[in-house]
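Below is one structure, written out as structure tokens; comments come after it.
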Amino acid sequence: MAPTLADPFNDSSALINFVINQGNGVKGLSELGLKALPKQYIQPLEERMCMNSIVPQGSIPIIDMSNWEDPNVAKSICDAASAWGFFQIVNHDVPVEVLENVKDATYNFFRLPAEVKNKYSKEHSSSNNVRFGTSFTPQAEKSLEWKDYLSLFYVSEEEASALWPPVCRQQVLDYMKKSELVIKQLLQVLMKGLNVNEIDAAKESLLMGSMRTNLNYYPKCPNPELTVGVGRHSDVSTLTILLQDEIGGLFVRGNKGDDWIHVPPIKGSLVINVGDALQIMSNGRYRSVEHRVVANGSKNRISVPIFVNPRPADMIGPLPELATNGEKPIYKQVLYSDYVKHFFRKAHDGKKTVEFAEL
Ligand SMILES: COc1cc(/C=C/C(=O)SCCNC(=O)CCNC(=O)[C@H](O)C(C)(C)COP(=O)(O)OP(=O)(O)OC[C@H]2O[C@@H](n3cnc4c(N)ncnc43)[C@H](O)[C@@H]2OP(=O)(O)O)ccc1O
Ligand SMILES: O=C(O)CCC(=O)C(=O)O
Ligand SMILES: [Fe+2]
């Protein structure tokens with residue numbers, strides 16, 4: 001039963017029960033029409049977006065992928081991965097229809113009744129590879145984040161058929177499948193930029209041996225200025241391919257310290273960012289950059305990242321080809337699943353995760 005409106009969640013156990021245990025998520029909170037943000041979501045001042053830190057004319061590179069093998073395009077990709085860690089691509093080969101379908105499927109999943117979504121929660125899901133959740137790591141966070149998500153780790157079509165929610169299964173599989181080509185094109189260019197001219201089967205597996213797709217839902221929020229959609233973090237992936245809707249709200253850390261650059265929605269585009277695994281494998285030449293999402297006071301927002309990763313059992317470290325140039329490694333070899341577990345067991349903390357792999 002939903003609590004009454006007068007100070008309904010002063011008691012944190014009532015909030016945890018409603019949002020997490022009953023599977024209502026922040027979407028459920030949003031739909032209660034609360035006049036004020038529950039205190040558990042109030043972020044410390046330093047974690048809220050300060051309007052003065054937004055670079056008004058700032059922009060990350062926008063790269064046309066139609067001639068991706070052109071040396072100028074390849075250079076733009078490598079330069080963007082080194083300088084910004086983020087760029088948008090247009091004229092890639094992922095059909096607009098596939099992107100629209102996965103956005104619709106995201107809405108359709110989150111529209112399901114709480115008790116249906118809750119079957120996929122950490123407590124109830126029949127597999128660790130399918131997880132419906134809220135915030136990031138609620139058990140480790142002092143302040144919660146205003147986001148619900150469904151996370152789908154791909155193992156096989158058979159497993160997806162058996163375990164993924166039917167309402168979004170095929171659309172996510174199509175999105176992943178159709179994105180594979182652009183992922184390979186980007187990795188080929190980025191490896192060439194490191195003088196790694198051939199991606200053999202072992203290297204391909206190291207760079208993109210596992211994939212996880214998240215469906216993110218950020219419902220409209222009372223007092224959005226007091227909280228965050230997603231706090232400052234870098235992804236632990238090799239690369240992330242992010243589809244966002246037309247609402248906006250993703251910000252990327254700029255090059256000048258405390259400045260933030262908005263990533264404007266461009267119809268049909270995909271946002272690409274370097275993750276920690278590629279920063280480590282490139283020995284710091286490509287950078288995983290902090291990013292965050294603000295909450296919105298009037299509109300719901302969705303996004304659909306594909307995290308392209310090494311496999312959990314892979315050891316990751318600077319690629320051996322870099323050492324042949326006499327380059328000194330700045331990272332050690334780490335087991336990728338240890339790295340990811342380290343990330344998931346703490347609250348978002350900017351760029352701190354990568355210290356786990358520093359020499
Ligand atoms: C949710 O909000 C987010 C998410 C993100 C994500 C950014 C990324 O870059 S995701 C890409 C991560 N890479 C991979 O998934 C590929 C490699 N996979 C693995 O190494 C493993 O599958 C594993 C993720 C480590 C899970 O292995 P398993 O043996 O099943 O380990 P567990 O003990 O079950 O889990 C460890 C620990 O992590 C928590 N956790 C697991 N999966 C998720 C998930 N999908 N979302 C959130 N948390 C997860 C799990 O609860 C465990 O924590 P405990 O405290 O319970 O021990 C970026 C920004 C966001 O806001
Ligand atoms: O929603 C977004 O735009 C970005 C989400 C994000 O950073 C993530 O899921 O890792
Ligand atoms: Fe991210």
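All heavy atoms count here, side chains included; hydrogens, waters and symmetry mates do not. What you are looking at is a predicted structure, and each value in this text was computed from that prediction instead of being measured. Both ligands and their constituent atoms are indexed starting at 1 by order of listing.
Salt bridge present: D79 and K75 bring a charged side-chain N and a carboxylate O closer than 4.0 Å. Salt bridge status for D259 with R253: absent, with no side-chain N to carboxylate O gap under 4.0 Å. The pair K267-E100 meets the salt-bridge criterion, since a charged nitrogen lies less than 4.0 angstrom from a carboxylate oxygen. The pair E47-R232 meets the salt-bridge criterion, with a side-chain N (NZ, NE, NH1 or NH2) lying under 4.0 Å from an Asp/Glu carboxylate O.
Closest protein heavy atom to atom 23 (C) of ligand 1: V340 CG1, 4.3 Å. Taking atom 37 (C) of ligand 1 as the reference point, the nearest protein heavy-atom neighbour is F344 CB, 4.0 Å. If you check which protein heavy atom lies closest to atom 34 (O) of ligand 1, you get N128 ND2, 3.1 Å. Looking from atom 14 (C) of ligand 1 to the surrounding protein, the closest heavy atom is N309 ND2, 3.5 Å. Shortest contact from atom 55 (O) of ligand 1 to any protein heavy atom: Q139 NE2, 3.3 Å. Summary of contacts: the protein heavy atom closest to atom 8 (C) of ligand 2 is H233 NE2, 3.8 Å. Regarding atom 57 (O) of ligand 1, its nearest protein heavy-atom neighbour is R345 NE, 3.0 Å. Among protein heavy atoms, the minimum distance from atom 19 (C) of ligand 1 is reached at P312 CG, 3.7 Å. Scanning all protein heavy atoms for the shortest distance to atom 9 (O) of ligand 2 gives N216 ND2, 3.2 Å. Atom 51 (O) of ligand 1 has as its closest protein heavy atom R131 NH1, 3.1 Å.
Atoms of ligand 2 found under 4.0 Å from any heavy atom of D235 (numbered from 1 in listed order, with element): 10 (O). Of all atoms in ligand 2, numbered sequentially from 1 with element shown, those under 4.0 Å from a heavy atom of P305 are 9 (O). Heavy-atom contacts of F153 reach the following atoms of ligand 1: 16 (C) (cutoff under 4.0 Å). The atoms of ligand 1 that sit less than 4.0 Å from any heavy atom of V230 are 61 (O). Per-residue contacts place H348 under 4.0 angstrom from the following atoms of ligand 1 (heavy atoms of the residue considered): 59 (C), 60 (C), 61 (O). For ligand 2, the atoms lying closer than 4.0 Å to a non-hydrogen atom of S303 are 1 (O), 2 (C). Taking every heavy atom of S151 and a limit of under 4.0 angstrom, the matching atoms of ligand 1 come to 45 (N). Residue-ligand proximity, F136 to ligand 1, at heavy-atom distances under 4.0 Å covers atoms 1 (C), 2 (O), 3 (C), 4 (C), 60 (C), 61 (O).
A distance-only check finds a donor-acceptor pair linking the side chain of D64 to the backbone of S66 [under 3.5 Å]. A donor-acceptor pair under 3.5 Å links the side-chain atoms of S30 to the main chain of K220, judged by distance alone. Of the possible donor and acceptor atoms, one in the side chain of S210 sits under 3.5 Å from a partner among the backbone N and O of P310. Under a 3.5 Å cut-off, the side chain of K346 and the backbone N or O of A140 do not form any donor-acceptor pair. The closest donor-acceptor contact from the side chain of K351 to the backbone of S288 lies under 3.5 Å. Between the side chain of R301 and the backbone N or O of D245, no donor-acceptor pair lies under 3.5 Å.
Taking the N/O/S atoms of H233 in turn, the shortest distance to the Fe ion (ligand 3) belongs to NE2. Shortest distance from the Fe ion (ligand 3) to D235 is reached at OD1 (N/O/S atoms only).
Remark: F251 engages H262 in a ring-ring contact (aromatic ring centres under 6.0 Å, His included) (not counting sequence neighbours). Partners of A74 under the side chain to side chain contact (heavy atoms under 4.5 Å, CB included) rule, at least two apart in sequence or in another chain, are V189.
Evaluated by nearest non-hydrogen atom to atom 4 (C) of ligand 2, the leading choice among V263, V293, V294 is V293. Ranked by closest heavy atom to atom 13 (N) of ligand 1, the top entry among F132, F307, Y336 is Y336. Of the options K122, K341, E145, the smallest heavy-atom separation from atom 29 (O) of ligand 1 is shown by K341. By heavy-atom distance, the residue among H291, R301, K147, E290 lying nearest atom 7 (O) of ligand 2 is H291. Taking all heavy atoms of K147, R212, M211 into account, the minimum distance to atom 15 (O) of ligand 1 is reached by R212.
Of the N and O atoms on the side chains of D258 and S53, not one donor lies less than 3.5 Å from an acceptor on the other residue. Side-chain polar atoms of N283 and K328 form no donor-acceptor pair below 3.5 angstrom.
Note: W164 and Y154 have perpendicular aromatic rings, judged against thresholds of 30 and 60 degrees for the angle between ring planes. Relative ring orientation between H342 and F356 is described as parallel, the plane-to-plane angle staying below 30° on a 0-90° scale split at 30° and 60°.
Ligand 1 lies within reach of S237, whose nearest heavy atom is under 4.0 Å from it. Within the structure, ligand 2 has F307 among the residues with a heavy atom less than 4.0 angstrom away. Under the 4.0 angstrom criterion for non-hydrogen atoms, G133 is not in contact with ligand 1. R311 does not count as a contact of ligand 1, since none of its heavy atoms falls under 4.0 Å from the ligand. Put simply, no part of Y339 is less than 4.0 Å from ligand 1, judged by heavy atoms.
Here the straight-line distance linking atom CG of N273 with atom CD of Q88 works out to 11.0 Å at 0.5 Å rounding. Between atom OG of residue S151 and atom CG of residue N214 there is a gap of 3.5 Å, rounded to the nearest 0.5 Å.
Residues Y218 and F110 place their aromatic rings such that the two centres sit no closer than 6.0 Å.
Contacts between N214 and ligand 2 below 4.0 angstrom, taking non-hydrogen atoms only, are absent altogether. At a heavy-atom distance under 4.0 Å, atoms from both the backbone and the side chain of V236 approach ligand 1. Residue contacts with ligand 1, taken as heavy atom pairs separated by less than 4.0 Å, involve S210 solely via side-chain atoms from C-beta onward.
Taking a distance limit of 4.0 Å, we find that atom 26 (C) of ligand 1 is approached by no protein heavy atom. Counting only heavy atoms, the protein gets under 4.0 Å from atom 9 (O) of ligand 1.
When only interatomic distances are considered, the shortest N/O to N/O separation between Y218 and ligand 2 falls below 3.5 Å. Of the N or O atoms in S337, none lie within a sub-3.5 Å distance of an N or O in ligand 1. Annotation: Q244 places no N or O atom under 3.5 Å from an N or O atom of ligand 2; distance criterion only.
V230 places none of its side-chain heavy atoms less than 4.5 Å from the side chain of R292.
S135 pairs in a side chain to side chain donor-acceptor pair (under 3.5 Å) with only one of the listed residues (H348, E141, E145, Q40), which is E141.
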